[in-house]
Asks: 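Take a look at this one; I'll ask things after.
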2 protein chains.
Amino acid sequence: MSGQMNISSPEEPHSAPTLSAVAKLAGVSSITVSRVVRLPDLVAPETRGRVEAAMRELGYVPNQLAVGLARARTRSIGVLVPTIANSIFADTVQGLSDELEPLGYAVILAQSRYDAAREDYMLSTLLSRRPEAIIMVGSPATEDGARLLKRAGIPVAETWDLPATPIDAVAGFDNFEAGVTVARHLVAQGRNSFAFIGGDDPRATRRWNGFNEAAQALGIKAPRRLVLDRNASGSVVALAELPGVDAVFAANDAHAIGFMAGLRKAGLLRNGPAPEQPVAVIGLGDLEMGRLIAPSLSTIRVNGEAIGRTAAKLILTREGPRHIDLGFELVHRDSG
Amino acid sequence: MSGQMNISSPEEPHSAPTLSAVAKLAGVSSITVSRVVRLPDLVAPETRGRVEAAMRELGYVPNQLAVGLARARTRSIGVLVPTIANSIFADTVQGLSDELEPLGYAVILAQSRYDAAREDYMLSTLLSRRPEAIIMVGSPATEDGARLLKRAGIPVAETWDLPATPIDAVAGFDNFEAGVTVARHLVAQGRNSFAFIGGDDPRATRRWNGFNEAAQALGIKAPRRLVLDRNASGSVVALAELPGVDAVFAANDAHAIGFMAGLRKAGLLRNGPAPEQPVAVIGLGDLEMGRLIAPSLSTIRVNGEAIGRTAAKLILTREGPRHIDLGFELVHRDSG
DNA sequence: ACGCCAAATGACAACGTTAACATTATCAAT
DNA sequence: ATTGATAATGTTAACGTTGTCATTTGGCGT
């Protein structure tokens, strides 16, 4: 406008108005403005009116950094997921965020991309923001990461799994048992040549272990495990790589559906119910899409959103049980 | 392990160690510790070693709140999406976050849930954290929201659309034109009774407008518009509601696939190429799943991740073009 | 032996807010 | 009239960093 020097930005070089800017305009001290924001009842209606007018006029937005410093409460929570571009984790983030945002908490989101080094880096980045709690999918991949979390002295929720030695709270399900359940189911259906497809992250591996051990305990010959590249777009696995297999457990629904596309191309997919399928396919996650395709996808249903909500509730209180097994459920549809 | 006084181990309410705690332990002043973190070259190697040891011993993690206050740079950016549990937006968040995290920025995530009031609330929550920029899907729903952003005086990127009067930067595509493209395509295929299904948020509405106007301009009788409840799980729309329709444009792939499930149930889905379909279906977004199902889904391909990356780049610089049209592409597959 | 410069370190006041007291005005009860 | 309670407001010192000056060393040229 007039005496502006060099900082030329779209609107004005106005750095955000402060408490005392509002105070000056309203002719009160800054603490009074602070009170109008936090404890309006302590301020005389007439004064309050003046202050509120000043706040509106200046477009005052409190600086949460300063608040956080002064009160040692940041009203933020750190969330670490392998990747957000994966419906199941996205559901979890939505769940926890729906629980937390109305309470005034900010969600600071970080992705590890299934990389241990990046996970540790993200963990300390997160911690440097002094969140009041951390919610993560899975458990820290390294000892360093775990130590970081323990020393932080804040509530920590590990999700999507049931770690043997949890840091603090847990909201998950038994991935090993999920594998066992699938193996038993397939055996009960009379299948006898198994394969597992999916990533090799800790949780997928736990599913594989359960699947593998249970299958063998039931007298099935050792299942094959096909580790899929994470960005193997489409993950359309040729059955060529799995000769003779008549039942496949996929680490998640996306892989399962990709695999079914491969089967379809090979003419190995029927529209009828499970017994007609040359190759049974079971997924995990219960994506909505699995219900909609034909043949509909049998899957281990896991409620990602509930995991998120539960984790949020766990970090909000120190009381009650800290380890919650949300369980899973085998949903038997047409694919196997 | 000997002379520890009160800081007892793992679980105590020990507030995080500060610069001066480290300083005391290393026998230097706190400013020196600060320099070891930020400007290690200014510190004598011997001193630096001592300080680094002290930092490790205490598990020092800098307090970014204090840093942010002192330097007026928070190294954080606010991200506002309607919902994260929607693959296309999740891709965008992943894209921008992959671009920003390596640079040390934290992503503060907020969801509006397509609710104008909640959007405004989230916007000011976000702003109160003093992010260095805001990236949002779409544009502020209210005047208040827009004003808030303008007054904040930070870079703002609006995405997934091309607003007529952008606040600052834009990374999106023309939703109206997408609707037009679909209408033209369907007419070219000889279809003549159109319907649109999807939400009634601004972007979906823009798609509808383009679709509707282009269809009518091409001599097609006024298309029907079916507004779907957002949480209409499955969104399996009975064709019963759309008698006589032979072509449907869905506001996104999820709706399209849900609708196709309805068609399948009604026996109106063929496995062959588009001309054989009794009802053509076109989606938007190009979910991977659309490629995998049978019949494969024709769709308007939009690169959500690229939108995120582009938005991130835009807010990182003041130079170069501020309005980027990432475009879209009609992918013709078997569904229509 | 002297002054000088660079390297290494430190003191102190911000940054915007809140907690913990401190002060003033108002007014009813003696 | 004085007291004391209550309501309304203000002062000051944190919170954990960093920017901007000091200040202290030690080495070097002459």
Side-chain angles (χ1 to χ4, degrees), chain A residues 14-52 54-55 58-76 104 124 127-132 152, chain B residues 13-52 54-55 58-76 104 124-125 127-132 152:
Chain A
H14 59 183
S15 49
T18 68
L19 222 40
S20 48
V22 176
K24 190 174 298 175
L25 182 57
V28 297
S29 77
S30 33
I31 191 68
T32 299
V33 180
S34 174
R35 283 200 267 256
V36 169
V37 175
R38 297 174 302 135
L39 315 154
D41 299 333
L42 294 189
V43 179
E46 193 264 338
T47 315
R48 193 194 312 164
R50 234 173 339 126
V51 171
E52 279 165 349
M55 294 198 306
L58 293 172
Y60 173 72
V61 178
N63 183 332
Q64 277 296 132
L65 296 181
V67 175
L69 236 204
R71 311 185 59 179
R73 294 207 61 192
T74 59
R75 292 271 163 194
S76 67
S124 50
L127 255 13
S128 75
R129 254 81 199 186
R130 297 294 185 268
E132 293 181 26
Chain B
H14 60 184
S15 49
T18 69
L19 224 37
S20 50
V22 176
K24 191 174 297 174
L25 182 56
V28 297
S29 77
S30 33
I31 191 70
T32 298
V33 181
S34 174
R35 283 200 268 254
V36 169
V37 175
R38 297 175 301 137
L39 315 155
D41 299 333
L42 293 188
V43 179
E46 195 264 337
T47 315
R48 194 194 310 163
R50 235 173 339 125
V51 171
E52 279 165 349
M55 293 198 306
L58 293 174
Y60 173 72
V61 178
N63 184 330
Q64 277 296 132
L65 296 182
V67 174
L69 237 203
R71 309 185 64 177
R73 294 205 60 192
T74 58
R75 292 272 163 193
S76 67
S124 51
T125 294
L127 255 12
S128 75
R129 254 81 199 186
R130 297 295 185 265
E132 294 181 25

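The chains referred to below are lettered A, B, ... by the order of the sequence lines, with proteins before strands, and numbering in each begins at 1. All figures in this text were calculated on a predicted structure; none of them were measured in a lab.
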Asks: From B/Met55 CE over to B/Leu19 CG, what is the distance, rounded to the nearest 0.5 angstrom?
Replies: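 Nearest 0.5 Å value for the CE-CG distance: 9.5 Å.
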Asks: According to a strict under-4.0 Å criterion, is B/Tyr60 in side-chain N/O contact with OP1 or OP2 of D/dT17?
Replies: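 So the side-chain polar atoms of B/Tyr60 do come within 4.0 Å of the phosphate oxygens OP1 or OP2 of D/dT17, strictly under.
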Asks: Holding to salt bridge (charged side-chain N to carboxylate O under 4.0 Å, His left out), I want the full list of residues that pass it with A/Arg50, two or more places apart in sequence or in another chain.
Replies: A/Glu46
Asks: Return the minimal non-hydrogen interatomic distance between A/Pro17 and A/Gly59, and the atom names on each side.
Replies: CG-O, 3.9 Å
Asks: Between C1' on D/dA8 and CZ on A/Arg50, what's the gap in Å once rounded to a whole number?
Replies: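 For the pair A/Arg50 CZ and D/dA8 C1', the rounded distance is 12 Å.
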Asks: Take the C1' atoms of the five end pairs on each side of the helix from C/dA1-D/dT30 to C/dT30-D/dA1, get both axes, and report the angle to 10 degrees.
Replies: 50°
Asks: Mind calculating the distance between CD (A/Glu46) and C1' (D/dA7) to the nearest angstrom?
Replies: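 Result: 15 Å.
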Asks: Could you tell me how far apart B/Arg75 (CZ) and D/dT18 (P) are, to the nearest whole angstrom?
Replies: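 Those two atoms, CZ and P, are 13 Å apart.
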Asks: Excluding sequence neighbours, so at least two apart, what forms salt bridge (charged side-chain N to carboxylate O under 4.0 Å, His left out) with A/Glu132?
Replies: A/Arg73
Asks: Run B/Arg129 and A/Arg75 through side chain to side chain contact (heavy atoms under 4.5 Å, CB included) and show every step you take.
Replies: CA-CA 10 Å; B/Arg129 254 81 199 186; A/Arg75 292 271 163 194; 3.4 Å; yes
Asks: How long is the line joining CD of B/Gln64 and C1' of D/dG16, in whole Å?
Replies: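 Spelled out: CD on B/Gln64 to C1' on D/dG16 is 11 Å.
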Asks: Could you pull out every donor-acceptor pair under 3.5 Å between side chains of residues 21-37 of chain B and any protein atom, sequence neighbours left out?
Replies:
from: B/Ser34; atom 1: OG; to: B/Arg38; atom 2: NE; distance (Å): 3.0
from: B/Ser34; atom 1: OG; to: B/Arg38; atom 2: NH2; distance (Å): 3.1

Asks: Send over the distance from B/Arg71 CZ to D/dT20 C1', rounded to a whole Å.
Replies: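 For the pair B/Arg71 CZ and D/dT20 C1', the rounded distance is 14 Å.
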Asks: In Å, rounded to the nearest 0.5 Å, how long is the span from OG of A/Ser76 to CG of A/Leu65?
Replies: 10.0 Å
Asks: Report yes if some heavy atom in the side chain of B/Thr74 is under 4.5 Å from a heavy atom in the side chain of B/Gln64; otherwise report no.
Replies: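 B/Thr74 vs B/Gln64: side chains apart.
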Asks: Looking only at side-chain N and O atoms, does A/Thr47 come under 4.0 Å of OP1 or OP2 in D/dT9?
Replies: yes
Asks: Quick one: B/Arg73 CZ to D/dG16 P, roughly how many Å, whole number?
Replies: 23 Å
Asks: Kindly indicate whether the side chain of B/Val61, heavy atoms from C-beta on, has any atom under 4.5 Å from the side chain of A/Arg130.
Replies: yes
Asks: Rounded to the nearest 0.5 Å, what separation is found between the OH atom of A/Tyr60 and the OG atom of B/Ser128?
Replies: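 Going from the OH atom of A/Tyr60 to the OG atom of B/Ser128 covers 9.5 Å.
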Asks: Counting N and O atoms only, with roles assigned by atom type, does the side chain of B/Arg48 sit under 3.5 Å from a partner on the main chain of B/Val43, one being a donor and the other an acceptor?
Replies: yes
Asks: Judged by each residue's nearest nucleotide on DNA chain C, which is more toward the 5′ side, B/Leu69 or B/Arg48?
Replies: B/Arg48
Asks: At the 4.0 Å heavy-atom cut-off to chain B, mark where contacts on DNA chain C begin and end, going 5' to 3'.
Replies: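 With heavy atoms of chain B under 4.0 Å away, the range is C/dA8 to C/dG16.
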Asks: Taking only heavy atoms on the protein side, list every residue of residues 19-40 of chain B lying under 4.0 Å from any atom of DNA chain D, sorted numerically.
Replies: B/Leu19, B/Ile31, B/Ser34, B/Arg38
